[in-house]
Amino acid sequence: GEWTYLENHPDFNKTFDVALHLGTLIAVVAYFWEDIVALVAAWFRSIGRRRIEGPEERTAWFVLAATIPAALVGAVGEGFVQDRLGEPWQIGVFLAVFGAVLWLADRRPERNKISGLGFRQAIAIGIAQVAALAPGVSRSGITITMGRALCLDRDAAARFSFLLLVPVVLGAVVFKGWTDVVQGELPDGWAGPFLVGTLAASGSGLFAI
């Protein structure tokens, strides 16, 4: 009976999404912990001296700049996404189209590292991330696609994509966790599926990274 829990409790689906995002966030933070700590420290250093010096500080500000577009559009357009997008045929089309776009972008030369980006390129990756608000568009996939289109090498494109996940998904988890979990009316037995979903997303996310 537990296998049909989400089918029998459709209102829990949005809350369950929080569990999946939380699990992915845990996996990324666990894998990139040292990088994240270094970037946060670098960001505060640059704030303290009021200027940006070195590749770590540049990367920290690139992550912040690339986060802004998705945060703004997500806050304003959440209702539109929920009401107009998410049909199975739309998800299938998006998966196919953006898979092909990634294949094309990956044919670009690999010549840049993250530190070689500029703020315009970082914001371009952030704008690409906006497309991931539509179900069927992979957040990591679309940001890696834009990174490769900008001639980041594969490692740099993937690393920047996963670093960019932290502030975006953290914000989404806090917001949705408050509105859907804390303030929402959850059906009985929600804790078990929530925990299992989080652990499964953490394990599969860490394996994928």
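Summarising the local packing, CZ of R49 is surrounded by more than 12 heavy atoms from other residues, nucleotides or ligands at distances under 6.0 Å. The number of heavy atoms from other shown groups lying within 6.0 Å of CZ (F44) does not exceed 12.
Hydrophobic clustering of Ile, Leu, Val, Met, Phe, Trp and Tyr side chains at less than 4.5 Å, counting indirect connections, unites L206 with V173. Both W33 and F162 sit in one connected hydrophobic cluster of ILVMFWY residues. Membership requires side-chain heavy atoms under 4.5 Å apart, directly or through other members. F32 and V29 fall within a single hydrophobic cluster, where Ile, Leu, Val, Met, Phe, Trp and Tyr side chains are chained together by heavy-atom contacts under 4.5 Å. Cluster annotation: V168 and L117 are assigned to distinct hydrophobic clusters (Ile/Leu/Val/Met/Phe/Trp/Tyr, side-chain heavy-atom contacts under 4.5 Å, transitive). L133 and I123 fall into different hydrophobic clusters, where Ile, Leu, Val, Met, Phe, Trp and Tyr side chains are chained together by heavy-atom contacts under 4.5 Å.
Within the 3.5 Å criterion, the main-chain N or O of A157 finds no donor-acceptor partner in the side chain of S161.
Between R148 and P109, the shortest heavy-atom contact is NH1-O, 3.5 Å. Here the shortest heavy-atom pairing between S202 and I26 reads OG-CB, 3.8 Å. A pairwise comparison of heavy atoms in A105 and A149 identifies CB-N, 4.1 Å as the closest pair. Scanning all heavy atoms of the two residues, the minimum distance from G205 to A27 falls at C-CB, 3.8 Å. Annotation for I142 and A131: closest pair CG1-CB, 4.4 Å, computed over non-hydrogen atoms. Nearest heavy atom pair, residue S46 against residue E57, reads CB-OE1, 3.4 Å.
Going from atom CG of L39 over to atom CZ of R58 covers 13.0 Å, rounded to the nearest 0.5 Å. M146 CE to Q129 CD: the interatomic distance, rounded to the nearest 0.5 Å, is 11.5 Å. Going from atom CG of L152 over to atom CZ of F160 covers 8.0 Å, rounded to the nearest 0.5 Å. Taken from CZ in F62 to CG in L163, the straight-line distance is 13.0 Å, to the nearest 0.5 Å. Rounded to the nearest 0.5 Å, atoms CG (D153) and CZ (R111) are 12.0 Å apart.
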> Step by step, would you call E56 with S115 a side-chain contact (heavy atoms from CB on, under 4.5 Å)?
Replying inline: CA-CA 8 Å; E56 279 191 344; S115 58; over 6 Å; no

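Between D35 and R159 the shortest side-chain heavy-atom distance falls below 4.5 Å. By the 4.5 Å heavy-atom criterion applied to side chains, L170 and V174 are counted as neighbours. With a 4.5 Å cut-off on side-chain heavy atoms, F119 and I52 count as touching.
For the side chain to side chain contact (heavy atoms under 4.5 Å, CB included) test with L164, the passing option among T67, L64, V28, V169 is T67; the others fail. Tested against L165, the residues V63, T143, I209, L25 include a single side chain to side chain contact (heavy atoms under 4.5 Å, CB included) partner, L25.
Not counting sequence neighbours, W43 has no partner by the side chain to side chain donor-acceptor pair (under 3.5 Å) test.
A salt bridge is absent between D155 and K113: the closest approach of a Lys/Arg side-chain nitrogen to an acidic carboxylate oxygen does not fall below 4.0 angstrom.
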